[in-house]
Amino acid sequence: MKKEDLIIKWLDNNLSEKELKAFEQLDASSIYAKMDRAAKRFKAPEFDMDASYSKLKALRTAAHSASSNWKRYISGIAAALVISFGLFFALQYSAETEVIALNSEKTDWILPDTSEVVLNAGSTLSFNEKSWSSERAVHLKGEAFFKVAKGSTFSVYTNQGKVEVLGTQFTVNDRPNYFEVVCFEGLVQVSYQGLTRELTAGKSLKVYDNTPFDDITSKTTPTWLENKSSFTSVPYFEVVQELGRQYNMTITMEDGLNNTLFTGSFTHSNLEIALQAITIPLNLSFTINGNEVVLKSN
Amino acid sequence: MDKPLFDNVCEEQVFSQLYKKWATDLHNFVYYKFGAHVNPEDKVQEAFIKLWKHCKETPMDKAKSFLFTIINNLTLNEIKHLKVVHKYQEQQPKNYTNESPEFVLEEQQYLEKFQKALAKLPEGQRTAFLLNRVEGKRHKEISELLGISRKAVEKRIYTALEKLRVDIEEI
């Protein structure tokens, strides 16, 4: 075997025993062995595979997210949409218009569709001007008279019930523990805690103590528009509350009178006459003390 | 014909397997060819990141040559031919205790000579030689790693050995 082939075989660690002997016989074999030992000292530094791989993983995710720019785009667009929607709704809510009638005053208001509202003392009406064209809806706390222009459904939302009409004249009175709808013209649909009632002109619905009562009226407009409150079989507490609202007074009386039904009326222009009008029929007496009135049975 | 299970290397499992299989070889390849100062570990990372970015178009059986070509090009782009001086490891395994000071000095001088001679080798020969002598790789393995024929590997290693021998004697 040639010397070169022998060395090459030795380099490949592929020598047979006989060949190894022949290799050792070579002049330079000890030199080669020495070189081999020396070469081993030039080993590459240790490569920490696991540490390096976890480092690579981090780099890889960074490289990956950088290459998927479109994802950032999409999320940017999504964020912009969310913000603009948010602004849109926020602005819509801020477009809410509120009409307030304080105690002892009445307020007229023309709605965007020329429907008329008159608020009785101590009442609040709110509606959204922006969404008015798609939905005619108002929220009411207290009592109001509506003269609704013809058109789509007109809804009055109150804490106790919902009133829907197309075009008519009616009053809604939503007071604590008392709810009343009076229809003066056209047709009104009242929803009250699952109960639905249709009122034609001259019909009214009263609810107190969670019990509905049907009634009729011969009037064409509520009397309070003419500075006079009229009641037909109305619980006495509501009558007293109404007088308090009209004159901005706090009225106290015995609890026993609360649910006594009262029929009659009082004027909005003179407190003494008004008090006499509601006390004499029930044989009560009253004392006025600044802003307070106390009712007592004789 | 066998159809490979994965037609690309985008699967985490496949990718990590490739890493475990080739990272050390790539690292050593770069170290022996270009030396420590090119930071072989960083080059390994860069090569694998390139592979990850192109994982969709790289079939598994092409991944190895992809990696070696990329790492070679990456390093070449960074440096143009330069003299590579490898550091020999200072610590010597102490298997014999009766070293005379002369012997230690002689050994030291020999290593320095070897180092210089190694630096004079062309990079192809040096890489093949060190992979063979230090890493103990067979000629066949080296020919696969470097993408050259087995005969060429034999030639390179033998030539390197002879050159080193002559150079060390001369110095």
Side-chain angles (χ1 to χ4, degrees), chain A residues 1-17 19-20 22-72, chain B residues 12 15-16 19-20 23-32 36 40-42 44-46 48-53 86-93 107 110-111 113-115 117-118 129-140 142 150 153-155 157-158 160-162 164-165 168-169:
Chain A
M1 196 186 253
K2 270 172 67 188
K3 186 184 154 199
E4 189 184 326
D5 292 334
L6 202 60
I7 294 172
I8 288 173
K9 268 200 147 183
W10 170 74
L11 285 170
D12 202 15
N13 304 323
N14 206 13
L15 289 175
S16 67
E17 254 176 69
E19 285 164 343
L20 190 62
F23 175 76
E24 278 162 3
Q25 294 302 308
L26 290 174
D27 305 335
S29 74
S30 65
I31 296 176
Y32 291 135
K34 196 180 180 187
M35 285 171 66
D36 189 34
R37 276 200 305 279
K40 298 270 194 290
R41 303 277 286 276
F42 289 86
K43 190 166 169 36
E46 212 41 56
F47 180 68
D48 187 348
M49 175 106 67
D50 293 336
S52 154
Y53 189 60
S54 42
K55 219 199 275 177
L56 172 72
K57 264 178 153 175
L59 283 171
R60 200 178 61 185
T61 17
H64 202 74
S65 54
S67 69
S68 54
N69 260 338
W70 63 274
K71 268 187 194 165
R72 272 194 220 169
Chain B
E12 169 67 30
F15 190 79
S16 77
Y19 194 83
K20 288 201 178 98
T24 311
D25 283 339
L26 283 163
H27 172 263
N28 293 341
F29 167 70
V30 173
Y31 178 82
Y32 293 133
E41 193 183 330
D42 284 2
V44 173
Q45 307 254 348
E46 278 178 54
F48 272 95
I49 287 190
K50 273 247 159 87
L51 175 66
W52 183 251
K53 279 183 183 163
H86 288 284
K87 260 202 182 141
Y88 54 85
Q89 281 152 0
E90 296 294 340
Q91 279 146 327
Q92 194 182 359
E107 183 82 359
Y110 183 77
L111 280 175
K113 281 182 194 169
F114 198 97
Q115 188 176 29
L118 207 53
F129 178 77
L130 288 174
L131 280 173
N132 171 246
R133 292 293 86 202
V134 184
E135 297 301 319
K137 290 214 181 293
R138 303 293 299 272
H139 295 176
K140 182 103 182 70
I142 297 170
R150 195 189 148 154
V153 174
E154 281 174 4
K155 188 86 189 154
I157 296 174
Y158 178 75
L161 184 75
E162 286 304 312
L164 284 171
R165 188 170 64 87
I168 288 168
E169 274 166 14

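Quick note on labels: first sequence line is chain A, next is B, and so on, each numbered from 1.
The CZ atom of B:Arg133 sits 14.5 Å away from atom CZ of A:Phe42, with the distance rounded to the nearest 0.5 Å. In this structure, A:Ile7 CD1 and B:Glu154 CD are separated by 12.5 Å, a value rounded to the nearest 0.5 Å. Atom CG of residue B:Leu161 and atom CD1 of residue A:Ile31 lie 10.5 Å apart, to the nearest 0.5 angstrom. Note that the NZ atom of A:Lys43 and the CG atom of B:Asn28 stand 6.0 Å from one another [nearest 0.5 Å]. The OH atom of A:Tyr32 sits 4.0 Å away from atom CZ of B:Arg165, with the distance rounded to the nearest 0.5 Å. Considering OH of B:Tyr110 and CE of A:Met35, their distance stands at 5.5 Å, rounded to 0.5 Å.
Only the side chain of A:Lys57 has a heavy atom closer than 4.5 Å to any heavy atom of chain B. Using a 4.5 Å cut-off between heavy atoms, B:His139 contacts chain A through both its backbone and its side chain. Only the side chain of B:Ile168 comes within contact range of chain A, with heavy atoms under 4.5 Å apart. With a 4.5 Å cut-off on non-hydrogen atoms, B:Phe15 touches chain A through its backbone and its side chain both. Only the side chain of B:Glu162 comes within less than 4.5 Å of a heavy atom in chain A; its backbone stays farther off. If you measure heavy-atom distances from B:Val153 to chain A, you find no contacts under 4.5 Å at all.
Within the 3.5 Å criterion, the main-chain N or O of A:Leu11 finds a donor-acceptor partner in the side chain of B:Asn132.
Within the 4.5 Å cutoff, side-chain heavy atoms of A:Asp12 are placed close to those of B:Arg150. At a threshold of 4.5 Å between non-hydrogen side-chain atoms, the residues A:Leu56 and B:Trp52 do not count as touching.
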(request) List the steps, then state whether side chain to side chain contact (heavy atoms under 4.5 Å, CB included) holds for A:Glu46 with B:His27. (result) CA-CA 10 Å; A:Glu46 212 41 56; B:His27 172 263; over 6 Å; no
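Listed by chain and number, the residues in a side chain to side chain donor-acceptor pair (under 3.5 Å) with B:Gln45 are A:Ser52 (sequence neighbours excluded).
Per-residue heavy-atom pair counts under 4.5 Å with chain A were compared for B:Lys140, B:Lys137, B:Glu12, B:Lys20, and the maximum is reached by B:Glu12.
Counting all heavy atoms, side chain and backbone alike, A:Ala44 lies closest to B:Tyr32 at N-OH, 3.1 Å.
Residue B:Glu169 qualifies as enclosed at atom CD: its count of foreign heavy atoms under 6.0 Å is above 12.
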